[in-house]
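Owing to the predicted nature of the structure, the values given are computational and were not obtained by experimental measurement. We number each residue from 1, following the sequence as shown.
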Amino acid sequence: MEDEYISISCIPLPTFIQGGYAIFDPGEMHPNRNDLQYFVLMFIVKGTLFIAEDGQNYTLKPGDNFILLPQHHHYAWKPVEARTEYYWVHFSVSGRWVQEPEPVDVSSKINIPTLHYFTPSVTLCLKKLQRIPDSEVTFKLINRIFKNSALQNNVGFWQAQQQFIDLLQIIQVKVKGESSYAQLAENIERYLRDHFDERITNASLGKQFHVHPNSIALSMKKTFGMTPNAFLTKYRLEEAAKRLLMTTESVSQIALDVGYNNIYYFSTVFKRYYGASPVTYREKFKNQSVPPSD
């Protein structure tokens, strides 16, 4: 079977709708549907799934990433033979998209100005069927998306949407011509945003991405103009500021949520960055809908 690629205009961005974990026992079959309005991302964890779309049969094995199209007919062409488990993610696209044998540029529905808009491409390209690039990282990110979505508050909603975009970046077809330093830096940046509440060092990043710690720092400096630690601190404090204004959580709980175990150190760093303590910042800007930028 020839490769198939789904090219999606990213203006507007794809939107995460919902997701879950499916389990089928021997003899059971995937539901027969032809009116689902969402794309379905599937990440096979265990067993073998026999699924068809518009008459084309697919056999999905553990480690496979597969995409079903919206408003197309998909169904099981054969019952599962052993216990089969997979993550599923529904997402919506309001822009243009196509499925073709090769990646293609897809224009935006929105008229994009060229004077101040410098993004070279607004097309996201996904392979219909591929091996999951890094199962451990991917599954952990999916679970984070589900966890944040289940919070049912503004912070959880935006975290889930941001992490979903990171998930798409992990599985997208990589752009040719991008330097290895830039690719590494972009992977590090996504990892820092998705794991900002954990203890992270250049050494741990080096192990994560299988490169020397010096390459970690160099790639971030060349691409983003700051070290991983500076980026992590900036992101943590911006997350803290959002939570101060959008939730009623205590300052100590917010400090823990964004990766600071010492509330006094957190308050010192926060004041240095925003010019006010967390308590003063909350009191001053609580009634504003958008956190002020630095």
Under a 4.0 Å N-O cut-off, is there an ion pair linking [X] with [Y]?
| X | Y | result |
| --- | --- | --- |
| Glu102 | Lys127 | no |
| Arg236 | Glu239 | no |
| Glu249 | Lys242 | no |
| Glu53 | Lys128 | yes |

Distance-minimising heavy-atom pair for [X] and [Y]:
| X | Y | answer |
| --- | --- | --- |
| Ser92 | Tyr38 | CB-CD2, 4.1 Å |
| Pro14 | Ile165 | O-CD1, 3.7 Å |
| Leu192 | Leu232 | O-CD1, 4.1 Å |

Taking atom types as modelled and ignoring hydrogens, do the side chains of [X] and [Y] form a donor-acceptor contact shorter than 3.5 angstrom?
| X | Y | value |
| --- | --- | --- |
| His90 | Gln18 | yes |
| Glu85 | Tyr21 | yes |
| Ser277 | Thr280 | yes |
| Asp257 | Gln253 | yes |
| Gln130 | Asp64 | no |
| His72 | Asp54 | yes |

Check the hydrophobic clustering (I, L, V, M, F, W, Y; side-chain heavy atoms under 4.5 Å; chains of links allowed) and say if Tyr58 and Tyr75 are grouped together.
->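 In one cluster with Tyr58: Tyr75, no.
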Under 4.5 Å between side-chain heavy atoms, hopping through other hydrophobics if needed: is there a path connecting Val45 to Leu167?
-> yes
Is the backbone N or O of [Y] less than 3.5 Å from a side-chain atom of [X], with the two atoms forming a donor-acceptor pair by type?
| X | Y | answer |
| --- | --- | --- |
| Arg96 | Val106 | no |
| Ser204 | Thr201 | yes |
| Ser7 | Val104 | yes |
| Trp97 | Ile6 | no |
| Thr223 | Ser219 | yes |
| Ser267 | Tyr264 | no |
| Glu81 | Gly27 | no |

Testing [options] for side chain to side chain contact (heavy atoms under 4.5 Å, CB included) with [X], which one passes?
| X | options | answer |
| --- | --- | --- |
| Asn148 | Gln161, Gln163, Gln162 | Gln163 |
| Leu129 | Asn65, Leu60, Ile67, Asp3 | Leu60 |
| His74 | Asn32, Asn34, Leu36 | Leu36 |

Do we get Arg83 above Phe24's six-membered ring, with its NZ or CZ under 6.0 Å from the centre and within 45° of the axis?
->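 Negative - Arg83 is either too far from the ring of Phe24 or too far off its axis.
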Tell me whether the guanidinium CZ or amine NZ of Lys234 lies under 6.0 angstrom from the six-membered ring centre of Tyr273 and within 45° of its axis.
-> no
Side chains of [X] and [Y] in contact at under 4.5 Å (non-hydrogen atoms):
| X | Y | result |
| --- | --- | --- |
| His195 | Lys140 | yes |
| Tyr5 | Leu126 | no |
| Val89 | Ile17 | no |

Check whether the ring centres of [X] and [Y] lie less than 6.0 Å apart, and answer yes or no.
| X | Y | value |
| --- | --- | --- |
| Tyr87 | Phe43 | no |
| Phe209 | Tyr191 | yes |
| Phe91 | Phe39 | yes |

Is Gln71 atom CD crowded by more than 12 heavy atoms from other residues, nucleotides or ligands, each under 6.0 Å away?
-> yes
Does a sphere of radius 6.0 Å around CZ in Phe139 hold more than 12 heavy atoms from other residues, nucleotides or ligands, not counting ones at 6.0 Å or beyond?
-> yes
